[in-house]
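Right, one structure below, let's go through it.
Chain letters run A, B, ... following the sequence lines, proteins first, then strands; residues in each count from 1. Because only heavy atoms are used, hydrogens play no part in the values below, and waters and symmetry mates are left out as well, while side chains stay in.
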Amino acid sequence: MRIKSLHIPTLREPPKDAETVSHQLLVRAGYIRRLAAGIYSFLPLGVRAVEKVKRIVREEMDRAGAQEVVMPAVIPAELWIESGRWPVYGPELLRLKDRKQAEYCVGPTHEEVVVDLARKDIRSYKQLPVNLYQIQTKFRDEIRPRAGLMRGREFVMKDAYSFDASIAGAHASYKLMYDAYCCIFERLGLVFRPVEADTGNIGGSMSHEFQVLADSGEDAIVACDGCDFAANVEKAPLAAQPFAPIGATGPARVIDTPGTKTIESLCKLLGCRPDQTIKAVLYMADDQAAVAFVRGDREVNEIKVKKALACANLHLADAEWFAKTTGMPPGYVGAIGTTNVQVIADFEITAMPSAVCGANAKQQHRVDVVPARDMADVAFADLRMAIAGDPCPRCPGKLRAFRGIEVGHVFYLGQKYSKAMHATFLAEDGKEQHFEMGCYGIGITRILAAAIEQNHDARGIRWPVAIAPYEVAVLPMALEGEQLTVAEELYAALLQVGVAAVIDDRDERPGVKFNDADLIGYPIQIVVGKRAGERVVEVKLRHAGVKLELSVDGLADKLARVMVTCRLGPALTAEALS
RNA sequence: CGGGGCGUAGCGCAGUCUGGUAGCGCACUAGACUGGGGGUCUAGUGGUCGUCGGUUCAAAUCCGGUCGCCCCGACCA
């Protein structure tokens with residue numbers, strides 16, 4: 001295409017409502033425009049990049065035996081009522097009424113619809129397994145949409161659902177998708193890691209997230225340096241520890257510690273370290289007061305707390321409410337002598353030889369607390385967030401910490417939805433049986449943001465070839481004479497051999513063309529300048545930051561050959577062109 | 001929902017405290033020069049100052065309501 005006739009409105013300055021790199025660059029380079037919070041239009045470049053991602057996803061899904069369908073975006077409430085999710089999904093679900101006041105929602109996910117499809121048409125185990133997928137615009141009314149395409153309310157998702165006759169079959173389907181996802185992210189040219197994940201509200205017993213590694217990622221993950229264990233910190237289990245021997249010289253005693261509601265102020269007053277204290281985190285668990293104790297320097301993992309307490313809703317407690325309900329003063333809550341409260345404590349506390357904790361009395365703490373001696377009646381569990389340096393739960397290795405952007409998620413669902421919606425088939429033994437299901441999502445539009453977070457520099461985007469909206473930009477420095485004729489010749493030759501090329505035929509100064517090209521992120525820029533008369537042009541590789549002087553003769557064919565490989569994932573290198 | 005910030009030309013901003021002709025840079029239009037990293041000059045186009053109401057001779061500016069946007073947290077996958 002000729003850039004002069006393309007709608008690529010690039011901006012010199014980043015819009016003020018964008019802070020994240022990928023958000024700024026997507027807007028500045030003319031890929032997207034915001035319409036409302038978390039709702040974006042895709043401009044021509046954006047559409048092309050999205051289509052390339054979709055194409056790779058389709059190819060790999062099809063290869064894995066999944067079949068594409070398209071389900072409605074607007075879903076009747078009755079299906080969601082049937083599955084039981086209508087009352088529990090909350091305000092994230094965009095609900096609507098039609099002219100007859102009948103209720104609907106805009107699908108944030110499609111388990112209900114796909115189960116309805118399956119139960120209507122799949123009658124026999126002979127029809128199984130089946131895996132149906134779609135690529136569709138979803139809507140989730142996020143509490144806080146942010147960072148452009150990273151967490152939008154409206155976004156494009158690939159969602160797949162597998163139906164199997166047995167658990168073993170479902171596991172095989174899960175494995176197929178897991179492998180397909182690895183291929184997809186590999187082909188997209190992303191540095192990613194599959195990690196074990198919490199199953200959240202979707203339910204089921206097995207789940208992996210596919211995380212694109214980036215410092216700006218929302219998710220914290222840990223990975224072992226000795227084996228292939230990797231997990232979201234929300235999930236990463238930490239082992240119980242043996243009780244430490246008594247480290248205090250005498251019995252626990254209460255001392256006055258005025259104005260020490262925080263661990264920091266307490267340590268300052270007593271001259272101790274946070275890891276010698278016990279922190280109390282106050283919760284409201286299904287309307288009951290609960291307190292979780294962790295070592296003073298640790299973070300509580302609420303997902304683990306929720307599981308340990310076996311409650312449905314868990315929120316940090318309002319201090320006043322907590323005081324009124326339990327009679328204990330927030331800021332001075334300790335593990336000994338608790339009242340009217342459910343108590344749990346992290347395993348790690350057992351390994352503390354002696355500790356400081358609240359005395360359950362205002363302005364007082366208890367010192368020389370020995371968990372092994374003084375907390376015998378407390379329930380211990382794995383409650384804290386894993387961090388770098390923690391022991392691996394699988395091997396003697398240690399965990400390392402990373403940040404990641406979740407671009408894919410696979411779940412083994414079991415019969416959760418098939419049971420709720422009475423979706424059955426006739427098994428080999430003639431008995432009615434519920435489908436074993438799995439569901440598998442990929443955030444198509446989020447991939448664009450994640451790819452940029454991982455591939456950018458101060459000048460702009462450095463797309464992997466697999467995602468780039470165009471592969472080559474031909475930049476004639478002058479729009480006349482040999483420079484123009486050589487540029488036109490090369491451009492035509494590139495199109496001829498199937499390379500996605502553009503020619504910057506705008507009457508702009510070189511600097512403008514360079515800056516736009518760098519910003520937009522074409523993997524290859526071909527500068528046709530002063531040496532055009534010798535049929536020599538400059539080939540710049542955006543990602544590698546390399547410039548090569550090459551002859552135009554045979555260049556298009558050479559690029560076409562190299563592109564065939566690069567479209568499959570491998571990065572573009574100078575060696576490939578020399 | 002809690003905390004913080006912001007709404008003035010297509011984009012980025014000043015002006016608001018201390019009420020009095022709505023400004024700057026970029027972009028855009030026309031012409032000339034220029035031509036390897038957002039060039040120069042000349043002449044232009046473009047704004048109900050988010051919105052509703054109040055105070056005032058007079059409101060972008062003061063007061064009240066409301067809508068929207070961004071960031072942190074809570075929440076969610």
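The number of heavy-atom neighbours closer than 6.0 Å to CD of A/Glu299, taken from other residues, nucleotides and ligands shown, is 12 or below.
When the P atom is compared between B/rC49 and B/rG54, the two are found 16 Å apart, to the nearest whole Å. One P atom belongs to B/rU45, the other to B/rA30, and the distance between them is 15 Å to the nearest Å. Comparing the P positions of B/rC11 and B/rG50 gives an interatomic distance of 13 Å, to the nearest angstrom. Taking the C1' atoms as reference points, B/rA60 lies 15 Å from B/rU18, given to the whole Å. B/rU66 and B/rU21 have their P atoms separated by 31 Å, given to the nearest Å.
Among the protein residues, A/Glu13 comes within range of the nucleic acid bases, having at least one heavy atom under 4.0 Å from a base atom. Among the protein residues, A/Pro15 comes within range of the sugar-phosphate backbone only, with heavy atoms under 4.0 Å from sugar or phosphate atoms but none that close to a base. Heavy atoms of A/Ala37 sit under 4.0 angstrom from primed sugar atoms or phosphate atoms, though from no base atom. Nucleic acid contact for A/Lys530: base, since at least one base atom lies under 4.0 Å from a heavy atom of the residue. A/Asp17 comes within 4.0 angstrom of the backbone, heavy atoms only, and of no base. At the heavy-atom level, A/Arg28 lies under 4.0 Å from base atoms of the strands shown. Within the 4.0 angstrom heavy-atom criterion, only backbone atoms of the sugar-phosphate kind lie near A/Pro14; the bases stay farther away. Across all strands shown, A/Arg146 has heavy atoms under 4.0 Å from sugar-phosphate atoms exclusively, and none from any base. Here A/Lys138 lies out of heavy-atom contact (under 4.0 Å) with every strand. As judged by a 4.0 angstrom heavy-atom cut-off over every strand, A/Asp507 is placed among the base-contacting residues. Across all strands shown, A/Arg459 has heavy atoms under 4.0 Å from base atoms, whether or not it also approaches the sugar-phosphate.
In this structure, A/Leu11 atom CG and B/rC13 atom P are separated by 12 Å, rounded to whole Å.
With the nearest nucleotide of RNA chain B identified for both A/Ala147 and A/Lys547, A/Lys547 has the one nearer the 5' end.
For the salt bridge (charged side-chain N to carboxylate O under 4.0 Å, His left out) test, no residue two or more places apart in sequence or in another chain qualifies with A/Glu436.
For the side-chain contact (heavy atoms from CB on, under 4.5 Å) criterion with A/Val53, the lone passing option out of A/Val57, A/Val50, A/Ile56 is A/Val57.
Base pairing analysis places B/rG44 opposite B/rC28; the two distances defining the Watson-Crick or G-U wobble pair are each below 3.5 Å.
Residue A/Arg144 places no side-chain N or O under 4.0 Å from the OP1 or OP2 atom of B/rC76. Between A/Arg509 and the phosphate of B/rU40, there is no side-chain N or O to OP1/OP2 separation shorter than 4.0 Å.
Within 3.5 Å, a donor on the side chain of A/Lys540 pairs with an acceptor on the base of B/rG37, or the reverse.
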